Each structure stands twice: as C-alpha cells, then as structure tokens.
Amino acid sequence: MFTHHSGAAGKRYIVETMGSGLAWVDFDRDGDLDLFLIDGGPLEAGARTKSPPRSRLLANRGDGTFEDRTKESGLTLADYGMGCAVGDVDGDGDPDLFVSCFGPDRLFLNEGGLRFREATAAAGLGDAGWGASAAFADLDGDGDLDLYLTRYLEFTLETHRECSLGEQIPTYCSPSAYPGATDLLYRNRGDGTFEEIGAEAGIAARSGKGLGVWIGDIDADGDLDIYVANDGERNSLFLGQGDGSFSDHTLASGAGYNEDGLAEAGMGIASGDIDGDGHVDLLVTHLSSETHTLYCGEGDGYFRDGTTALGLAGSTLAVTGFGAAFEDFDGDGSLDLVVANGHVIDNIAKFGDLFTYAQADDFFLGGQGGRFREPSEWLETKVAVGVGRGLAVGDGDGDGDLDWVVSQCDGPAILYRNLRGPGGHWLAIRLRSPGVGRIVAGARVRVRRGEESWSRSVSAGGSYLSATEGELRFSLGHSAQPVSVHITWPDGKTETFLGVAVDQSLEYQKSASR
C-alpha cells in the first residue's frame with residue numbers, strides 16, 4: 001500500500017540515501033494506532049510535478065489492518081519529506097503533525113476524525129533547509145509545546161558534488177563533502193506561533209550534522225535536556241538550566257564520542273534504563289565498520305561506553321543502523337533492542353564483500369544487568385532484508401504486546417507483528433497535562449505491587465525521523481493483582497492511584513489543582 005521513493009535518477013544526490021520516517025500514533029483518538037508514512041520523490045522540480053511524492057495516512061481499522069485515508073485527511077505533502085514530530089500544539093486534545101523536509105517544513109493541525117489543516121505559515125515555521133528528526137516538548141516550562149529540529153547538511157542541488165571510490169567507481173558522497181547545518185529551536189509563544197531562539201537558548205554554537213534527537217530529564221533535576229546524534233561529528237548533550245536555556249555538557253558527559261575518543265556516524269537514538277539503576281542509558285546507531293555505541297548513564301548527566309561489555313560490539317559491526325528502540329517485547333521485565341538496518345551506498349558491494357546495501361534488521365533480547373544477545377528462538381523476526389530507516393514501536397493490533405514498523409529507502413514499509421503475546425500481565429500508561437498535550441516529557445512513573453516496583457520516564461523524539469505515542473509499557477509478571485501507580489510530573493508534583501487493574505491501557509491527566 002505504501003512504498004518509499006528516494007527520487008534516485010542517476011545523479012546520486014546525497015539526499016536520496018537518507019530515507020524517511022513515520023508516525024505511529026492514534027490520530028483520531030479511537031484507541032488504535034494509525035500510520036503516517038513519509039515519502040521522498042523526485043528532487044528536481046520538473047520530475048516532481050510529473051510524479052509527486054505520495055506520503056500516506058493509513059487508518060487502523062481496529063484489528064491491526066489499515067485503510068488509506070490520505071485523500072480526505074488534508075495531509076497533502078508535495079515536498080520531499082524526511083521526518084516528523086507529533087504533539088498537541090493547539091491544546092485541543094488531538095495530536096498535531098510536524099513534517100520536516102528537504103525544503104520547507106510543514107505543520108498540520110489535527111481537527112479531529114483524521115482531518116488536518118495546514119498551519120505552517122501562520123505558525124511561523126517552514127524553514128527551507130534540510131530538516132531531519134524533530135521533537136515537541138515543553139522546554140521552557142510555560143505549558144506550551146516547543147519544537148527542536150535537527151538539520152543535517154548545508155546542501156542544495158546546485159552544490160551537489162560528484163564522488164567516487166576505489167577504481168573511480170561513481171558513488172554517493174560522504175557527508176564530509178558538505179558543511180553541517182545548525183539545529184533550530186522554536187519557542188511556542190502560546191498563541192499558536194513560534195519563534196526561533198536557538199542562539200539565545202545556547203544550542204546554536206556549533207553545526208553538527210544532526211540526524212537524531214531525544215528530549216528528557218537526563219540528569220533528574222526537573223529540567224528537560226536534549227541529546228542529538230550527529231553524523232561524523234561529536235554528538236551533543238545540552239542540559240536544561242530551568243529557564244529555557246541550555247548549557248553544552250557534551251565534552252564532560254562522556255556521550256559525545258565513543259570510548260576510543262572518536263566521533264562516529266550518528267544516525268538514530270534509543271533510550272531507556274537497561275540495567276535498572278535508575279539512570280537513562282542511550283544507544284546511538286552508526287555506519288558499517290563502526291559498532292553502535294551504548295552510553296550507560298551514571299547519573300547527573302555522565303556516561304560510560306558499555307558497548308562491548310554488554311554484548312553489542314561484534315554483532316553491530318557489519319550493519320548500518322538507523323531507527324532504534326529499547327522496549328520489553330517478550331514481557332520478562334528487561335528492555336530489548338530493535339534496530340532498522342540498511343547501508344547508505346547502493347553499490348557498496350562493488351567495493352568488497354564485507355558489506356551489503358540491503359541488510360537484515362536487528363533484534364536483541366535484554367537480560368540481567370543490561371546485557372544483550374541475539375536470540376535463536378526469535379530469529380524469525382529477522383526475515384526482512386531491506387534498506388531500513390525509520391522505526392516506531394507500539395501495540396498496533398491491541399493484543400497487549402509490542403509490535404514495530406520500519407520504513408525503507410526505496411522500499412515498502414514493514415510491519416513486525418509480535419506473535420508471542422505479552423509474556424505475562426502488563427500495563428500501558430499515557431500522560432497528559434493541561435495545555436501541554438499528549439507527550440509530557442520529563443514525567444516519571446513508578447508502578448508498585450507489594451515489594452515489587454517498575455519505573456519508566458517519558459521522553460520525546462528518539463529513533464530516526466519517526467514519532468510515537470510516548471506511551472510507557474510495564475511488564476508485571478504473572479500475578480494479576482492490582483497495582484499502584486505513582487506519577488511525578490515535570491514540575492515535581494506527584495499523584496498516586498491505588499488499586500489499578502492490570503492488562504489495560506490508561507491515560508492520566510495531571511490534576512489542575514496540583
């Protein structure tokens with residue numbers, strides 16, 4: 001029903017290598033996850049007119065199957081799409097959609113029932129550069145969703161260069177052939193308009209070739225922080241200062257380079273507390289010949305490289321990873337890892353037999369202490385071999401376990417349906433706060449039952465070019481006894497709910513009196 005088009009026509013524009021993302025979100029609020037899949041299309045104006053991009057909105061019928069609702073949705077996107085972010089920008093309870101592009105970005109406001117209205121110009125958005133991953137979050141604590149947009153390269157069709165490898169075999173240029181673009185931070189004025197404040201907020205001091213972004217409270221001080229995966233440059237960690245400004249903590253943090261002090265080809269980001277120590281851990285996906293890098297949180301915004309010790313070095317050396325996510329897919333209480341794989345050079349096989357263009361996506365089971373392994377009993381999940389890019393996780397068929405979707409560069413989107421069941425009892429929680437919308441980045445939830453407890457925190461962004469609900473999933477073992485839910489909101493206020501039944505999806509809204 002949907003196939004991505006890179007627009008490749010022989011000239012090897014670097015844009016064609018990056019693919020696009022997707023949103024797996026309940027846009028119509030009927031309890032089922034819908035899919036918005038972003039297309040690329042021809043890059044040159046004449047060809048685009050003849051064959052325009054075909055981004056698609058697919059409505060979930062409630063049984064895990066989908067129908068195309070693009071035509072009546074208003075989500076007409078004739079631009080070369082890249083990524084997306086989802087949040088309730090106008091505070092009406094419906095998730096709105098921001099689409100980053102190679103060219104002017106777009107903002108669509110949700111008017112209910114899978115119908116959208118474009119509001120780009122009125123909102124003051126629409127940067128004409130090369131936008132990549134984006135995320136909505138209340139970065140200044142004023143109750144409105146702000147927007148962080150990573151931008152990749154200062155590249156235009158006019159500045160395109162011809163590159164080759166080996167025996168002068170034409171190939172796509174490395175990103176090192178072009179300067180990086182500066183990320184943008186848009187402050188929500190509270191009236192539906194935005195202003196770009198990157199320089200005054202402290203995030204625009206350097207251009208980093210940004211591809212992935214994650215927002216959450218990384219040092220547990222009550223302020224939101226921003227982590228950016230940069231391609232071929234050191235990553236960026238900006239710690240929130242409590243007033244909407246940020247300090248660059250990258251060099252001190254240990255999360256800018258790998259353990260050898262090298263910058264790598266940062267693409268996507270996965271986050272979670274994989275070892276149960278209460279600190280956020282971050283994984284950044286990379287190019288073939290580099291391993292993915294697992295930055296283990298040690299508290300207060302500091303990290304150590306745990307890639308080799310936790311089993312992800314040798315197994316990720318031959319793949320190029322993009323979208324990624326930590327989630328508990330088998331219900332054993334440990335976070336597992338999925339990564340969408342696919343090389344960026346379509347003729348890479350001409351340069352040797354070490355790497356391939358199409359690659360199998362990766363699935364790793366998590367275990368005690370955060371160590372990962374490739375499970376032989378789950379190898380059927382690796383049947384898809386393609387050129388993976390975006391990735392989003394959610395319960396697409398409503399059966400209580402987690403599925404995931406992968407977008408491909410010049411290929412069909414792939415739905416991985418989890419057929420093993422949730423592995424025990426579970427609870428899914430979404431948080432809302434008046435005026436902030438559906439995703440409340442920085443909030444923390446602890447679920448308790450007797451002496452047992454499980455904790456998760458809400459973040460925004462993550463993966464690569466993709467958006468999800470921001471739902472927190474808890475695997476609760478084999479006891480069906482009710483649990484208590486303790487919520488700490490970003491402003492430090494707390495709420496507790498007792499006697500909560502398991503095996504259900506819940507949405508909590510912060511009490512206005514607290």
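Computation of the quantities below employed the complete heavy-atom set of this structure, encompassing side-chain atoms and omitting hydrogens, waters and symmetry-equivalent molecules. Since the structure is predicted, the reported quantities are computational estimates derived from the model, not experimental observations.
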Task: Distance-minimising heavy-atom pair for L37 and L22 - done: CD2-CB, 3.8 Å
- [ ] Kindly compute the distance separating CG (L97) from CD1 (I38), expressed to the nearest 0.5 Å.
- [x] 7.0 Å
Task: Atom of L107, atom of T120 and distance for their closest heavy-atom approach - done: N-OG1, 2.8 Å
- [ ] To the nearest 0.5 Å, tell me how far S407 OG sits from L35 CG.
- [x] 10.5 Å
Open item on the list: I need the minimum non-hydrogen distance between T159 and E154, along with the two atoms involved.
Closed with: OG1-O, 4.4 Å
TODO: Quick one: pull up CG in D32 and CZ in R61 and give me the separation to the nearest 0.5 Å.
DONE: 12.0 Å
Task: Proximity of F27 and F36 rings by center, below 6.0 Å - done: no
Task: Among L57, D96, L109, side chain to side chain contact (heavy atoms under 4.5 Å, CB included) partner for F116 - done: L57
- [ ] Would you mind checking if R430 and E469 are paired as a salt bridge, meaning a charged N to carboxylate O distance below 4.0 Å?
- [x] yes
Task: L402 vs R473 side-chain heavy atoms within contact, under 4.5 Å - done: yes
Open item on the list: Within the 4.5 Å heavy-atom criterion, are V440 and K510 side-chain neighbours or not?
Closed with: no
Task: Interatomic spacing from CG in L33 to OG1 in T468 - rounded to 0.5 Å - done: 9.0 Å
Open item on the list: Quick one: does any side-chain atom of H4 pair with a main-chain N or O of D39 as donor and acceptor, under 3.5 Å?
Closed with: no
Open item on the list: Under the criterion side chain to side chain donor-acceptor pair (under 3.5 Å), I'd like the reasoning laid out for S236 against N230: C-alpha separation, chi angles, the key distance, then a yes or no.
Closed with: CA-CA 7 Å; S236 300; N230 294 314; 3.2 Å; yes
Open item on the list: Just checking R161: does its CZ atom have more than 12 heavy atoms from other residues, nucleotides or ligands closer to it than 6.0 angstrom?
Closed with: no
Open item on the list: Given 3.5 Å as the limit, does a donor-acceptor pair link the side chain of S100 with the main chain of S133, or not?
Closed with: no
Open item on the list: Tell me whether S459 contacts the main-chain N or O of G216 through its side chain, where contact means a donor paired with an acceptor under 3.5 Å.
Closed with: no
Open item on the list: Applying the ring pair (Phe, Tyr, Trp, His ring centres under 6.0 Å) criterion to Y178, which one of W130, Y172, F155, Y13 satisfies it?
Closed with: F155
TODO: Over all heavy atoms of both residues, which pair between F326 and D281 is shortest? Give the atoms and the distance, please.
DONE: CE1-O, 4.5 Å
Open item on the list: Closer than 3.5 angstrom, by distance alone: can the side chain of D231 be matched with the main-chain N or O of L211 as a donor-acceptor pair?
Closed with: no
Open item on the list: Can you tell me how far apart CD (E507) and CD1 (I429) are? Round to the nearest 0.5 Å.
Closed with: 11.0 Å
- [ ] Look up atom OG1 in T193 and atom CG in N188, then write down how far apart they are to the nearest 0.5 Å.
- [x] 7.0 Å
Open item on the list: Quick check against the 3.5 Å criterion: does D28 have a side-chain atom that pairs as donor or acceptor with the backbone of L114?
Closed with: no
Task: D127 bridged to R151 by N-O distance under 4.0 Å - done: yes
Open item on the list: Tell me whether E196 contacts the main-chain N or O of G198 through its side chain, where contact means a donor paired with an acceptor under 3.5 Å.
Closed with: yes
Open item on the list: Tell me if the centroids of the rings in W404 and Y416 come within less than 6.0 Å of each other.
Closed with: yes
- [ ] Would you kindly say whether T171 and N347 are connected by a side-chain donor-acceptor distance under 3.5 Å?
- [x] yes
Open item on the list: A side-chain contact here means heavy atoms from C-beta on lying under 4.5 Å apart; do C409 and M18 qualify?
Closed with: no
Task: Validation row: V344, F322 side chains within 4.5 angstrom (heavy atoms) - done: yes
Task: Carboxylate-amine/guanidinium proximity below 4.0 Å for R12 and D346 - done: yes
Open item on the list: Between D94 and E111 (side chain of the first, backbone of the second, donor and acceptor by atom type, cut-off under 3.5 Å), is there such a pair?
Closed with: no
Task: Exam field: side chain R389 to backbone G342, donor-acceptor pair closer than 3.5 Å - done: yes
Open item on the list: For L337, run the side chain to side chain contact (heavy atoms under 4.5 Å, CB included) check against L312, T316, I274, D362 and tell me which one passes.
Closed with: L312
Open item on the list: Quick one: does any side-chain atom of W24 pair with a main-chain N or O of V393 as donor and acceptor, under 3.5 Å?
Closed with: no
Open item on the list: Within the 4.5 Å heavy-atom criterion, are L391 and Y464 side-chain neighbours or not?
Closed with: no
Open item on the list: Would the distance check show the side chain of H425 and the main-chain N or O of D503 forming a donor-acceptor pair, the cut-off being under 3.5 Å?
Closed with: no
Task: Note: R56-D68 ion pair, threshold 4.0 Å (strictly below) - done: yes
Open item on the list: Minimum heavy-atom separation for L153 and P175, please, with both atom names.
Closed with: CD2-O, 4.0 Å
Task: Student check: side-chain heavy atoms of S51 and H5 closer than 4.5 Å - done: no
- [ ] Flag the pair M267 / T320 as yes when at least one side-chain heavy-atom distance between them is below 4.5 Å, and no otherwise.
- [x] yes
